[in-house]
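Each remark here refers to the structure printed beneath this line.
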Amino acid sequence: MSEDAGRIDETPDHAGAYPRLSDAQVQLLAAHGVTRSKAEGEVLYREGDDLSDFYVVLSGKVAVVQNIGRAERLVAVHGAGRFLGELNLLAGQPMLLSAVVREAGEVVAISLDRLREVVSQQPAIGDLVLRAMLIRRSLQIEIGAGLCMLGSRYSSDSRRLRAFVARNRIPYTWIELERDSGAEALLRELGVAPDETPVVVWRGEQVLRNPSNATLAQVIRLGHDVSGGERLDLIVVGAGPAGLAAAVYGASEGLATVVVEAVATGGQAATSPLIENYLGFPLGISGAELADRAELQAEKFGARITVPARAFRLEHDGGHHVVATDSGETLTAPALVIATGAAYRRLDVPGIDRFEGTSVYHAATEIEANLCRGDPVAVVGGGNSAGQATVFLARYAGKVSLLVRHGDLGRDMSRYLVDRVERTPGVEVFLNTEVRELVGSGSLEALVIADLLTGETRRLDARALFVFIGAMPFTEWLRGAVELDDHGFVRTGGAVGSYDEPGPDGGAARPLETSRPGIFAAGDARSGSVKRVAAAVGEGAMAVRFVHEYLAEVGRNSSG
Ligand SMILES: Cc1cc2nc3c(=O)[nH]c(=O)nc-3n(C[C@H](O)[C@H](O)[C@H](O)COP(=O)(O)OP(=O)(O)OC[C@H]3O[C@@H](n4cnc5c(N)ncnc54)[C@H](O)[C@@H]3O)c2cc1C
């Protein structure tokens with residue numbers, strides 16, 4: 001894109017982020033919207049605005065800019081046939097960028113409700129728009145649109161906030177007290193003392209001093225408010241693939257459904273750079289995209305997702321299940337799906353805690369990859385997640401060392417990934433190797449690794465360590481409420497030892513039903529589960545079928 005003597009060129013399409021609608025599509029949308037003339041300099045919307053219209057440019061040029069009125073940066077310029085907006089528009093959240101008319105012309109404004117009607121009849125338009133918005137979100141993450149966060153790299157609250165926004169795929173700019181020369185001047189300008197950091201600046205004006213994750217989520221309106229007290233049919237705990245599938249099927253089949261999620265929608269899958277074995281995506285799909293798509297789909301059918309809200313207690317009250325969350329909600333419904341999944345274990349190396357979140361990660365998404373561009377990094381683990389992370393990080397890092405405790409890369413990793421790891425330039429595999437020590441003051445500089453066959457130790461340069469070893473279920477909060485197996489996974493169906501209340505069909509738990517009637521478990525948290533995205537999605541969908549059966553049997557749903 002170039003700008004000279006007042007003329008401004010349109011930004012070329014970035015891999016589908018800025019597609020042009022066909023003339024017929026523009027005409028169709030124009031017929032459902034209002035055409036407005038716009039003068040040069042007019043602001044169509046600002047960062048932080050709630051937008052209820054979708055804009056299509058008919059003539060003239062519209063610039064999308066970051067930090068409007070401050071250190072303004074041009075992101076893209078759109079001419080006739082292009083549309084404006086970002087993923088937040090579809091999710092009903094405030095805009096992260098602004099749009100300003102740069103060459104006078106006309107735009108069509110279509111209300112989101114009308115847009116949904118048009119899209120339901122013309123899915124090709126919906127596909128084009130959704131794909132563009134998802135790609136625009138990745139570009140926003142790259143440029144750090146939206147939030148500005150300022151703090152010390154050594155602060156645990158900085159780590160907490162950065163991990164929270166990264167998991168929620170919220171674009172942000174990070175200004176580090178130790179590294180950025182302008183950080184102190186910016187703090188003075190904001191009237192913030194260094195000991196009040198980390199701070200989050202929203203819309204360039206609202207300064208949040210060391211906010212909790214919940215406060216930040218509230219300000220940027222991340223999740224839904226579920227405090228309405230209306231009657232629910234189904235509570236889903238956990239919004240990974242299993243929980244989101246249960247929400248899509250539950251809500252689309254008429255159940256009043258609320259989803260409670262502790263950290264971020266998408267669960268483990270959202271931290272996968274590329275899922276290649278999920279049916280229907282021959283080129284693979286990033287976990288983040290899968291999560292964003294599933295979340296929009298669940299919300300389209302009326303499911304409400306509240307984030308961050310961790311379920312910490314489960315009780316029973318007159319045939320209803322009562323879930324208390326750390327966000328202060330108490331939700332009650334006759335049916336419950338537990339989809340709390342699992343998480344990677346922490347590596348048992350002394351002193352690793354001080355590097356968690358700043359140089360030790362349990363996810364390898366664009367956010368972590370951008371933080372270690374050009375650096376040497378190490379990945380620990382021998383499964384598919386470690387293999388995926390290795391291949392993905394090799395695109396960003398200076399060098400990737402894959403450390404595996406056993407001697408056969410093909411033991412736990414799919415063959416296609418083994419081949420890819422072995423063929424990727426910049427990757428070195430260390431078999432029969434374990435991490436003994438992390439070296440560095442403040443941030444990680446190197447690892448001490450040991451060869452388990454010879455006992456020899458050596459120093460390996462690494463500025464970041466990615467850990468993908470064995471999973472543990474998130475089921476502590478269920479102890480005493482439903483039956484768990486010896487490793488803490490939830491027992492269901494035939495594996496249940498004692499079903500609490502015998503039903504009319506002889507008192508056995510249904511498939512996916514726990515020891516407590518009306519409570520089901522799906523996905524990685526379930527004892528005997530397969531630990532795959534497709535399996536979790538399938539179980540989430542299946543659980544809803546048994547929820548219907550249960551509700552019919554006990555004669556309960558929100559309308560009855
Ligand atoms: C890096 C990585 C790459 C992977 N790649 C692949 C792949 O390519 N193909 C494949 O098939 N599988 C892959 N997997 C495995 C796959 O992601 C999991 O099997 C799948 O995500 C399990 O889905 P789930 O919904 O059961 O649980 P999870 O994805 O673990 O989601 C559970 C959710 O519940 C939330 N939660 C937990 N406790 C609570 C609570 N008390 N209250 C509220 N919410 C709670 C969590 O925050 C989380 O969001 C990968 C996993 C990882 C980590």
Side-chain angles (χ1 to χ4, degrees), residues 163-164 167-168 213 223 235-247 258-279 281 284-288 290-291 294-295 305-314 323-327 329 331 336-345 361-365 368 379 381 383-393 413-414 416-417 466-479 481 488-490 512 521-526 529-541 543:
F164 179 68
R167 283 292 307 276
N168 279 284
N213 294 352
I235 302 168
V236 178
V237 183
L244 286 171
V258 159
V259 186
V260 173
E261 167 54 51
V263 185
T265 58
Q268 296 169 73
T271 68
S272 169
L274 194 66
I275 298 169
E276 295 194 66
N277 56 357
Y278 189 52
L279 191 73
F281 295 91
I285 179 166
S286 82
L290 188 66
E295 182 179 337
I305 305 174
T306 174
V307 183
R310 183 177 297 278
F312 69 91
R313 197 174 51 232
L314 172 59
V323 174
T325 73
D326 63 0
S327 58
E329 308 298 342
L331 300 165
L336 173 69
V337 173
I338 298 165
T340 46
Y344 277 99
R345 283 176 204 283
Y361 305 104
H362 299 269
T365 67
E368 291 83 12
V379 177
N384 279 358
S385 324
Q388 280 177 7
T390 301
V391 174
F392 171 71
L393 289 167
M413 198 181 286
S414 301
Y416 79 92
L417 264 176
F466 293 82
V467 180
F468 298 99
I469 53 168
M472 276 170 6
F474 284 120
T475 51
E476 258 316 300
W477 66 289
L478 294 168
R479 267 189 203 288
F489 291 90
V490 183
L512 304 187
D524 282 14
R526 198 178 64 77
S529 61
V530 177
K531 318 280 184 291
R532 288 282 183 273
V533 176
V537 168
E539 289 188 8

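Remember, predicted model here, so these are calculated numbers, not experimental data. For ligands, and for the atoms within them, numbers begin at 1 and follow the listed sequence.
For ligand 1, the protein residues placed under 4.0 Å by at least one non-hydrogen atom are V237, G238, A239, G240, P241, A242, V260, E261, A262, V263, A264, G267, Q268, A269, T271, S272, I275, N277, A309, R310, A311, A339, T340, G341, A342, Y344, S385, Q388, F468, F474, W477, G523, D524, K531, R532, V533, A536.
Checking Q268 against T271 by side-chain atom types alone, no donor-acceptor pair falls below 3.5 Å.
Counting heavy atoms from C-beta outward, K531 and N384 have side chains that stay 4.5 Å or more apart. Side-chain contact between V259 and T265 is absent, with no heavy-atom pair separated by less than 4.5 Å.
Here the side chain of N168 pairs a donor or acceptor atom with the backbone of V263 at under 3.5 angstrom.
Closest of all the heavy-atom pairs between F468 and A389 is CE1-CB, 3.4 Å.
Summarising the geometry, atom NE2 belonging to H362 is positioned 10.5 Å from atom CD belonging to E368; distances are rounded to the nearest 0.5 Å.
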